[in-house]
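Below are the structure tokens for one structure; questions will follow.
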Amino acid sequence: QVQLVESGGGLVQPGGSLRLSCAASGSIFSITAVGWFRQAPGKEREFVAFITWSSGGTYYADAVKGRFTASRDNAKNTVSLQMNSLKGEDTAVYYCAATRFRGSYTSGFRYDYWGQGTQVTVSS
């Protein structure tokens, strides 16, 4: 089992920045990747980014590419999502998720474990 606890959400003005963190505990050795997803009101959950646990390779959705950066600190078992140049359409509940499987990291169905979610609101 893996437990994920997110932090760092909040209210920010357009153009501002936020940093989300996802602290993992439990069977850390089994994690192959951590993904970030978001869900806005009335919309389906969508992929935002992932980072592979061992090598730190990253991949981003087109909507956030160049603005968001995923990173990890293996010593602290923590993954972060730095979000810059935030827009109103970035408003959503953000979730981190961990998987034991390899590949297809953009699909939410690939992930075994999910955090509780943190609200990000971009508004003036």
Side-chain angles (χ1 to χ4, degrees):
Q1 291 289 326
V2 174
Q3 294 78 42
L4 303 172
V5 178
E6 299 157 18
S7 60
L11 173 64
V12 64
Q13 293 186 343
S17 298
L18 278 176
R19 186 178 182 87
L20 306 183
S21 293
C22 176
S25 61
S27 301
I28 305 299
F29 63 90
S30 66
I31 297 175
T32 57
V34 173
W36 289 95
F37 294 80
R38 66 187 183 186
Q39 187 166 21
K43 294 188 177 181
E44 294 186 354
R45 181 181 65 196
E46 65 174 351
F47 166 77
V48 174
F50 74 73
I51 183 166
T52 57
W53 192 256
S54 58
S55 65
T58 55
Y59 183 81
Y60 302 92
D62 287 344
V64 307
K65 199 173 297 181
R67 300 188 298 122
F68 290 12
T69 303
S71 60
R72 91 256 190 260
D73 183 337
N74 285 11
K76 296 182 178 180
N77 296 329
T78 299
V79 170
S80 298
L81 184 69
Q82 178 66 41
M83 306 185 295
N84 299 329
S85 301
L86 283 162
K87 307 175 182 179
E89 50 262 45
D90 295 319
T91 295
V93 177
Y94 284 70
Y95 299 89
C96 66
T99 180
R100 298 169 294 162
F101 303 104
R102 297 194 180 276
S104 300
Y105 294 140
T106 62
S107 171
F109 295 105
R110 202 62 170 167
Y111 292 82
D112 305 275
Y113 309 104
W114 292 79
Q116 80 283 6
T118 186
Q119 177 70 46
V120 171
T121 302
V122 183
S123 175
S124 56

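Start at 1 with the first residue, then count along the sequence.
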message = Tell me whether the count of non-hydrogen atoms from other residues, nucleotides or ligands lying under 6.0 Å of CD in Q116 goes above 12.
response =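 Above 12, so yes.
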message = Donor-acceptor pair, distance only, cut-off 3.5 Å: does the side chain of R110 make one with the backbone of R102?
response =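 Present.
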ask   = Which heavy-atom pair separates E6 from Y95 by the least distance, and what is that distance?
value =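 E6 and Y95 have their closest heavy atoms at OE2-CA, 3.4 Å.
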message = Is it true that, when you exclude K43 itself, more than 12 heavy atoms of the residues, nucleotides or ligands shown sit nearer than 6.0 Å to its NZ?
response =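 Counting other residues, nucleotides and ligands, NZ of K43 stays at 12 neighbours or fewer.
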query = With a 4.5 Å limit on heavy-atom distance, are the side chains of I51 and W36 in contact?
reply =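 No, too far: nothing below the 4.5 Å cut-off.
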ask   = Applying the 4.5 Å side-chain criterion to the ILVMFWY set and letting contacts propagate, would Y94 and V34 be lumped into a single cluster?
value =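 In one cluster with Y94: V34, yes.
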key: same_hphob_cluster(F50, V79) at 4.5 Å side-chain heavy-atom cutoff   =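 The answer is no; the residues belong to distinct hydrophobic clusters.
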inquiry  = Using 30° and 60° as the class boundaries, would you call the ring planes of Y111 and Y105 parallel, tilted or perpendicular?
reply    =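 Tilted, since the angle between the ring planes falls between 30° and 60°.
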C96 side, atom SG; L81 side, atom CG - distance, nearest 0.5 Å =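 Result: 10.0 Å between the selected atoms.
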request  = Using only heavy-atom distances, determine whether the side chains of S55 and T52 contain a donor-acceptor pair under 3.5 Å.
outcome  =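 There is such a pair (donor and acceptor under 3.5 Å, judged by atom type) between the side chains of S55 and T52.
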request  = Taking all heavy atoms of A70 and all of T58, pick out the closest pair and write down the distance.
outcome  =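 Reported closest heavy-atom pair: O-CG2, 3.7 Å.
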task = Take atom CD of E89 as the centre, draw a 6.0 Å sphere, and report whether it contains more than 12 heavy atoms from other residues, nucleotides or ligands.
result =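 It does: E89 CD has more than 12 such atoms within range.
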query = To the nearest 0.5 Å, how far apart are OG1 in T78 and CZ in R72?
reply =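 Interatomic distance, T78 OG1 to R72 CZ, rounded to 0.5 Å: 12.0 Å.
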query = For W114 and G108, which heavy atoms make the closest approach, and how far apart are they?
reply =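 Nearest heavy atoms, W114 then G108: CZ2-O, 3.4 Å.
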ask   = Could you give the distance from CZ (R19) to OG1 (T69), rounded to the nearest 0.5 Å?
value =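 Atom-to-atom, R19:CZ and T69:OG1 are 9.0 Å apart.
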query = Can you tell which of V2, T99, I31 makes a side-chain contact (heavy atoms from CB on, under 4.5 Å) with D112?
reply =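 Exactly one option meets the side-chain contact (heavy atoms from CB on, under 4.5 Å) with D112, and it is T99.
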inquiry  = When you measure from the side chain of R67 to the backbone of S85, do you find a donor-acceptor pair of N or O atoms at a distance under 3.5 Å?
reply    =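 Yes; at least one donor-acceptor contact below 3.5 Å.
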ask   = Could you state the interatomic distance from OH (Y59) to NZ (K65), rounded to the nearest 0.5 Å?
value =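 Reported to 0.5 Å precision, the distance equals 5.0 Å.
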task = Compare all side-chain heavy atoms of T32 with those of W53 and state whether any distance is below 4.5 angstrom.
result =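 No - every pair of side-chain heavy atoms lies 4.5 Å or more apart.
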message = Using a 3.5 Å distance criterion without hydrogens, assess whether the side chain of S30 forms a donor-acceptor pair with backbone atoms of S27.
response =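 At least one qualifying donor-acceptor pair exists.
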query = What are the two closest heavy atoms between S123 and P14, and how far apart are they?
reply =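 Closest approach of S123 to P14: C-CD, 3.6 Å.
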ask   = Hey, are K87 and D90 close enough for a salt bridge, meaning a charged N less than 4.0 Å from a carboxylate O?
value =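 Salt bridge: no.
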key: Side-chain donor/acceptor of T91 to backbone N/O of V122, under 3.5 Å   =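 Flag set: sc T91 to bb V122 pair under 3.5 Å.
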task = Specify the closest pair of heavy atoms between L4 and A24, including all atoms of both residues, with the distance to one decimal.
result =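 So the two residues come closest at CD2-CB, 3.7 Å.
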request  = Treating Ile, Leu, Val, Met, Phe, Trp and Tyr as nodes and any side-chain heavy-atom pair under 4.5 angstrom as an edge, say whether V120 and F68 lie in one connected cluster.
outcome  =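 Result: yes, single cluster for both.
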ask   = Does some side-chain heavy atom of R38 sit less than 4.5 Å from a side-chain heavy atom of E46?
value =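 Contact flag for E46/R38 side chains = yes.
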ask   = Is N74 reaching over with its side chain to a backbone N or O of S54, donor-acceptor style, under 3.5 angstrom?
value =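 Between the backbone of S54 and the side chain of N74 there is no qualifying donor-acceptor contact (under 3.5 Å).
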message = Test of understanding: clusters of I, L, V, M, F, W, Y form through side-chain heavy atoms closer than 4.5 Å, transitively. Do V12 and V93 belong to the same one?
response =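 Cluster IDs for V12 and V93 differ.
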query = Closest heavy-atom contact between A92 and Q119?
reply =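 Heavy atoms only, the tightest pair is O-NE2, 3.5 Å.
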ask   = Going by the angle between their ring planes, with limits at 30° and 60°, are F37 and F47 parallel, tilted or perpendicular?
value =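 Rings of F37 and F47: perpendicular, as their planes differ by over 60°.
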